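Only one structure is covered here, and it is reproduced in the block below.
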Amino acid sequence: MDLKKLAGQAGQFLTRAVQYTEEKIGSAEKTELDGHFESLSLQAESARHWTEKLLTGAEAVLIPNPGNRVEDMIFEKIEKRRPNRLSNLEYLGLDMVQAGNEFGPGTAYGSALQKVGGAQQRLGLVEREFVSNAVQGYVQPMRKFLETEMKTITREKRLLETKRLDLDACKSRLRKARSADGQSSAEADLRKAQADFDRQAEITKLLLEGVRSSQAAHLRHLNELIEAQAKYYEHSHKVMMELQTEMASLTTNPDEATRMKDTSSVPARDTAKETNTSAAKENGPKETEEDKSWRQAKVVCDYDATNREEMSLMMNEVVSYREKDGQSSDFVIAKRGNQTGRVPSAYLEPLDD
């Protein structure tokens, strides 16, 4: 250990502490920075404050659960992929689909639950895509600005304050010097301290001036947030309009209304027959053999597609699937909305067995 160097560092620290204390009690002069520098410093502090506030608000909207936000931050810090989480809408949709299967797809209520549950799952998927796009396009860049540029500015401002204390301490030592040798040594120290202070002030000033130019990048990130939000609402509106049309066809079917009215006056066997007939009418045209081959299953574990022919799966979601001739028995064809692909059969739990 270099004891001489350690003693010199301890002496510098003590000198700065004495200078800082004397400034606080008003017995020492303090070098003031120019007005332009102070203005830039205030602007940078304002940018930091409002960026933190906007970032906190955006994260609260996109990820309302504080525990999930902490978990995501931890996975981001350790550079690990965060686990896929179903949204509340997807959980609701899953329960509705399962309830519809329990009550029977042939009943009006069971069929309606399946339709609404499927729509809720699609809404949840759209919501998760929006959150992912918004986090990548807005939250992460804004957080990076705080953790890189603003932290660098804070560090350089602290270093500038240290250089300023050393400069003022040298000025005080020069004023107190009595001998010619003492004055010569103090003047040399003052010139060095002044050069260090001026150089650090210039570096810090350049960084502060760059804060305003970063607003152009922040504007781009804000536009990406708005685009993701507009796309989210557009897709959500489309899903709800389709659901409203499907629900209207269920509730305004005259045959269904007649059947419900006359149920109490017909034999049990005829009632069942009418129920099956009504369900067939509600479902529209007769299903093809290919349509009948599709079955529903619950995903028991996440699965990431390994090529373009496969489809990724998320645990607890409900998908349609069927076996395909010529395919390995270990794989089936799955369908989610307009997306179709091969998936391992081991990842699916049939719901209609």
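Hydrogens, waters and symmetry mates play no part in the numbers below; they use all other heavy atoms, side chains included. Computed from a predicted structure; not experimentally measured.
For the pair Arg178 (side chain) and Lys176 (backbone), a donor-acceptor distance under 3.5 Å is present. With Asp302 contributing its side chain and Met315 its backbone, the two residues share a donor-acceptor pair below 3.5 Å. Not one N or O on the side chain of Thr51 forms a donor-acceptor pair closer than 3.5 Å with the backbone of Arg48. A donor-acceptor distance shorter than 3.5 angstrom exists from the side chain of Thr154 to the backbone of Met150, with no hydrogens or angles considered. Under the 3.5 Å distance criterion, the side-chain polar atoms of Ser39 are left unmatched by any main-chain donor or acceptor of Gly35. Under a 3.5 Å cut-off, the side chain of Gln200 and the backbone N or O of Glu156 do form a donor-acceptor pair. Side-chain N or O atoms of Ser236 include one that pairs as donor or acceptor with a backbone N or O of Tyr232 at under 3.5 Å.
Of the N and O atoms on the side chains of Thr31 and Asp168, at least one donor lies less than 3.5 Å from an acceptor on the other residue. A side-chain N or O of Asp198 and one of Gln194 form a donor-acceptor pair less than 3.5 Å apart. Residues Glu90 and Ser87 bring a donor and an acceptor atom of their side chains to less than 3.5 Å of each other. Judged purely by distance below 3.5 Å, without hydrogens or angles, the side chains of Gln120 and Tyr91 never pair a donor atom with an acceptor atom. Between the side chains of Glu317 and Gln121, no donor-acceptor pair of N or O atoms lies under 3.5 Å.
Among residues two or more places apart in sequence or in another chain, the side-chain contact (heavy atoms from CB on, under 4.5 Å) test is passed with His221 by Tyr138, Pro141, Met142, Ala217, His218.
The 12-atom threshold is exceeded at CG of Asn65, counting heavy atoms of other residues, nucleotides or ligands nearer than 6.0 Å. When the shell of 6.0 Å around CD of Gln339 is examined, it contains more than 12 heavy atoms from other residues, nucleotides or ligands.
Note on Phe130: it does not cluster hydrophobically with Leu125, by side-chain heavy-atom contacts below 4.5 Å among ILVMFWY residues. The cluster map of Ile, Leu, Val, Met, Phe, Trp and Tyr, joined by side-chain heavy atoms under 4.5 Å apart, puts Val211 and Leu33 in the same cluster.
A salt bridge is absent between Asp166 and Lys163: the closest approach of a Lys/Arg side-chain nitrogen to an acidic carboxylate oxygen does not fall below 4.0 angstrom.
Listed by first and then second residue, the ring pair (Phe, Tyr, Trp, His ring centres under 6.0 Å) pairs that reach into residues 33-55 come to none, sequence neighbours excluded.
Exactly one of Glu323, Arg342, Arg322 qualifies for a side-chain contact (heavy atoms from CB on, under 4.5 Å) with Val332. That residue is Glu323.
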